[in-house]
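See below for the structure under consideration.
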Amino acid sequence: MQKDTGSGGTSTSSGPTSRFRRRKSSNEVPPEVDKANSSHLLVNDHNKYKSMLIRTYSSVWMIGGFALIIYMGHLYIWAMVVVIQIFMAKELFNLLRKAHEDTHLPGFRLLNWHFFFTAMLFVYGRILSQRLVNTVTTDKFLYKLVGRFIKYHMVTCYFLYIAGFMWFILTLKTKRYKYQFGQYAWTHMILIVVFTQSSFTVANIFEGIFWFLLPASLIVINDIAAYIFGFFFGKTPLIKLSPKKTWEGFIGASVTTMISAFVLANILGRFQWLTCPRKDLSTGWLHCDPGPLFKPEYFALPEWFPGWFPWREITVFPVQWHALGLGLFASIIAPFGGFFASGFKRAFKIKDFGDSIPGHGGITDRMDCQMVMAVFAYIYHQSFVIPQSLSIEMIMDQILMNLTYEELRALYMKLGQIIMERQFGES
């Protein structure tokens with residue numbers, strides 16, 4: 001390799017170092033670096049026990065807090081989802097933020113949050129409108145007020161968005177157009193990512209905590225199992241986007257998640273607090289007919305089964321077969337949300353989206369697979385669990401959602417008249 005011998009001379013180096021530098025200037029990760037990363041598996045990491053201790057400590061606190069919120073009920077779980085959304089949006093907003101540009105654009109960060117809370121009002125207004133109506137039906141004034149809110153909800157959200165749009169146009173500054181339009185597009189992409197998955201998550205919560213808790217728990221179990229199996233047995237790299245993930249961790253986590261799905265559904269399906277849907281926004285205890293999915297079926301064990309086994313029959317809830325479908329998705333498909341996030345971080349040359357959770361990174365780092373799983377759980381529930389035929393309850397929901405107080409009184413009188421006519425006709 002030749003060196004430059006003068007200040008005005010040109011280097012003519014042509015060795016491996018030169019090729020390395022040329023590759024590094026592109027967006028691709030150099031093969032040398034990628035090869036080094038693939039050797040940094042957990043089994044070869046000298047600091048893995050310290051990392052595992054920090055990660056375990058954070059996980060215990062998160063699981064404990066999560067269990068407490070689940071016990072408190074639907075509204076508190078919804079509030080938790082809102083807080084998670086805010087942290088995710090904050091982390092993603094900061095990802096492309098340039099401080100030196102923002103100093104010349106006072107109020108520009110506030111515009112991002114204006115769009116965020118407008119989207120929140122639109123999404124949750126549509127999801128929870130019926131439950132809000134059910135909560136205030138006994139109060140005539142509140143019922144009329146909520147009815148007005150629902151009637152003008154869409155136009156209110158539209159004009160809030162238009163106000164933000166005009167605000168953006170009026171704050172455009174010369175020489176910063178590219179940055180401002182890039183931030184505008186980035187903000188809208190964040191809103192789509194965050195609110196698409198969270199709307200399905202909230203819908204799952206009010207259909208019954210079971211349909212939120214089981215999918216979320218399966219993702220956590222899969223993540224923990226993959227870490228443990230990879231920690232002790234990981235030898236074969238799984239995917240280049242995430243060098244520390246291994247086939248041993250992936251397969252071990254898949255088996256663990258499937259078994260956990262079947263067992264966990266049996267445990268959770270015994271509690272009405274978890275299986276009953278919430279039709280309003282109250283916080284009272286729930287009692288309902290659990291439905292055929294949560295009614296136990298008994299299967300006698302075959303005679304050749306070992307005599308030392310303490311049970312002669314096992315109890316299986318029909319919902320456990322649905323849980324296997326959720327477990328299969330959580331173990332095979334949902335991890336690709338994590339792979340996507342890994343590729344995304346490599347593209348922006350960052351290790352984590354944030355540092356709010358020691359040993360885990362940011363909130364977004366924990367929600368990558370959960371976002372994929374929440375959408376699937378909702379679609380699966382709507383497609384294969386909820387009966388497709390109309391029920392009295394579904395008709396009543398539509399009536400309460402779309403009719404005013406006076407129209408409800410008129411409908412009541414008309415139905416009473418029809419019932420009386422049929423009663424006299426039959427007699």
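Just so it is clear, the values below take in all heavy atoms, side chains as well, and ignore hydrogens, waters and symmetry mates.
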Next item on the list: Report the residues that fulfil salt bridge (Lys or Arg N to Asp or Glu O under 4.0 Å) with Arg109, sequence neighbours left out, ordered by chain and then residue number.
Entry: Asp102
Notebook entry, point to check: Would you say the side chain of Met88 lies within less than 4.5 Å of the side chain of Met371, judging by non-hydrogen atoms?
Noted result: yes
Item checked: Partner set under side chain to side chain contact (heavy atoms under 4.5 Å, CB included) for Ser260, not counting sequence neighbours -> Ile221, Thr256
Checklist line | His114 (side chain) donor-acceptor with Leu160 (main chain) under 3.5 angstrom | finding: yes
Item checked: Any Leu324 side-chain heavy atom under 4.5 Å of Gln320 side chain -> no
Margin query: Tell me every residue that passes salt bridge (Lys or Arg N to Asp or Glu O under 4.0 Å) with Lys151, counting only those two or more places apart in sequence or in another chain.
Written below: none
Can I get a per-line list of side-chain donor-acceptor pairs under 3.5 Å for residues 334-341, giving both atom names and the distance, sequence neighbours left out?
none

Note to self: Per the disulfide (SG to SG under 2.5 Å) rule, what does the pair list look like for residues 159-242, sequence neighbours excluded?
What the structure shows: none
Check: Asp223: what forms a salt bridge (Lys or Arg N to Asp or Glu O under 4.0 Å) with it, not counting sequence neighbours?
Finding: Arg55, Arg366
Next item on the list: Of all the heavy-atom pairs spanning Met373 and Leu326, show the shortest one and how long it is.
Entry: CE-O, 3.4 Å
Next item on the list: Could you check whether the rings of Phe115 and Tyr184 sit parallel, tilted or perpendicular, using 30° and 60° as the cut-offs?
Entry: perpendicular
Item checked: Verdict with supporting geometry, Tyr161 and Phe122, ring pair (Phe, Tyr, Trp, His ring centres under 6.0 Å) -> CA-CA 10 Å; Tyr161 177 83; Phe122 176 76; over 10 Å; no
Notebook entry, point to check: Do the rings of Tyr380 and Phe384 sit parallel, tilted or perpendicular, given the 30° and 60° boundaries?
Noted result: tilted
Note to self: Set out, in order, the CA-CA distance, both residues' side-chain angles and the distance that settles side-chain contact (heavy atoms from CB on, under 4.5 Å) for Gln197 and Val193, then state yes or no.
What the structure shows: CA-CA 7 Å; Gln197 65 87 19; Val193 170; 5.7 Å; no
Notebook entry, point to check: side chain to side chain contact (heavy atoms under 4.5 Å, CB included) with Leu408: which residues, sequence neighbours excluded?
Noted result: Tyr143, Ile399, Leu400, Leu403
Check: Taking the side chain as C-beta and beyond, is there a heavy-atom pair between Phe181 and Leu172 under 4.5 Å?
Finding: yes
Checklist line | Validation row: Ile205, Val81 side chains within 4.5 angstrom (heavy atoms) | finding: yes
Item checked: Contact summary for Asn266 and Phe317, nearest pair of heavy atoms -> O-CE1, 3.4 Å
Checklist line | Set of residues satisfying side-chain hydrogen bond (donor to acceptor under 3.5 Å, both in side chains) with respect to Ser254, sequence neighbours excluded | finding: none
Checklist line | Set of side-chain hydrogen bond (donor to acceptor under 3.5 Å, both in side chains) partners for Tyr124, sequence neighbours left out | finding: Gln85
Next item on the list: Just jot down the salt bridge (Lys or Arg N to Asp or Glu O under 4.0 Å) partners of Lys173, sequence neighbours excluded, or say none.
Entry: none
Check: Is it true that a side-chain atom of Asn204 and a backbone atom of Phe200 form a donor plus acceptor pair closer than 3.5 Å?
Finding: yes
Check: Is it true that Arg176 and Glu101 make a salt bridge, defined as a side-chain N closer than 4.0 Å to a carboxylate O?
Finding: yes
Next item on the list: Mind listing the closest non-hydrogen atom pair of Leu214 and Ala261 along with its distance?
Entry: CD1-O, 4.4 Å
Notebook entry, point to check: Does Leu92 offer a backbone N or O that forms a donor-acceptor pair with the side chain of Trp186 under 3.5 Å?
Noted result: yes
Margin query: With side-chain contact (heavy atoms from CB on, under 4.5 Å) as the criterion, how do Ile209 and Phe271 come out once you've worked through the C-alpha distance, each side chain's angles and the decisive distance to 0.1 Å?
Written below: CA-CA 10 Å; Ile209 297 177; Phe271 301 96; over 6 Å; no
Note to self: Can you confirm whether or not the ring centre of Phe116 sits under 6.0 Å from the ring centre of Phe195?
What the structure shows: yes
Notebook entry, point to check: CE of Met72 to CD1 of Ile77: how many Å apart, nearest 0.5 Å?
Noted result: 10.0 Å
Margin query: In the structure I gave you, are the side-chain heavy atoms of Leu274 and Ile70 within less than 4.5 Å of one another anywhere?
Written below: yes
Checklist line | Contact check, side chains of Val136 and Leu145, non-hydrogen atoms, under 4.5 Å | finding: no
Check: Quick one: does Leu128's side chain get under 4.5 Å of Val202's, heavy atoms only?
Finding: yes
Next item on the list: Please report the closest heavy-atom contact between Leu286 and Arg278, naming both atoms and the distance.
Entry: CD2-NH1, 3.5 Å
Check: What are the two closest non-hydrogen atoms of Trp113 and Lys90, and how far apart are they?
Finding: CH2-N, 3.9 Å
Notebook entry, point to check: Does some side-chain heavy atom of Thr236 sit less than 4.5 Å from a side-chain heavy atom of Glu248?
Noted result: yes
Check: Does Gln370 use its side chain to pair, donor to acceptor, with the backbone of Ala216 at less than 3.5 Å?
Finding: yes
Notebook entry, point to check: Where is the tightest heavy-atom contact between Thr257 and Ser331, given as atom of each residue plus distance?
Noted result: CB-CB, 4.0 Å
Checklist line | Tyr179: ring-ring contact (aromatic ring centres under 6.0 Å, His included) partners, not counting sequence neighbours | finding: none
Check: When the ring planes of Phe233 and Phe229 are compared, do they come out parallel, tilted or perpendicular, using 30° and 60° as the limits?
Finding: tilted
Margin query: Between the side chains of Lys351 and Asp365, is the shortest nitrogen-to-carboxylate-oxygen separation below 4.0 Å, so that they form an ion pair?
Written below: no
Check: When you measure from the side chain of Glu91 to the backbone N and O of Thr364, does any donor-acceptor pair fall under 3.5 Å?
Finding: yes
Next item on the list: Under the disulfide (SG to SG under 2.5 Å) rule, collect the residues that match up with Cys276, sequence neighbours excluded.
Entry: Cys288
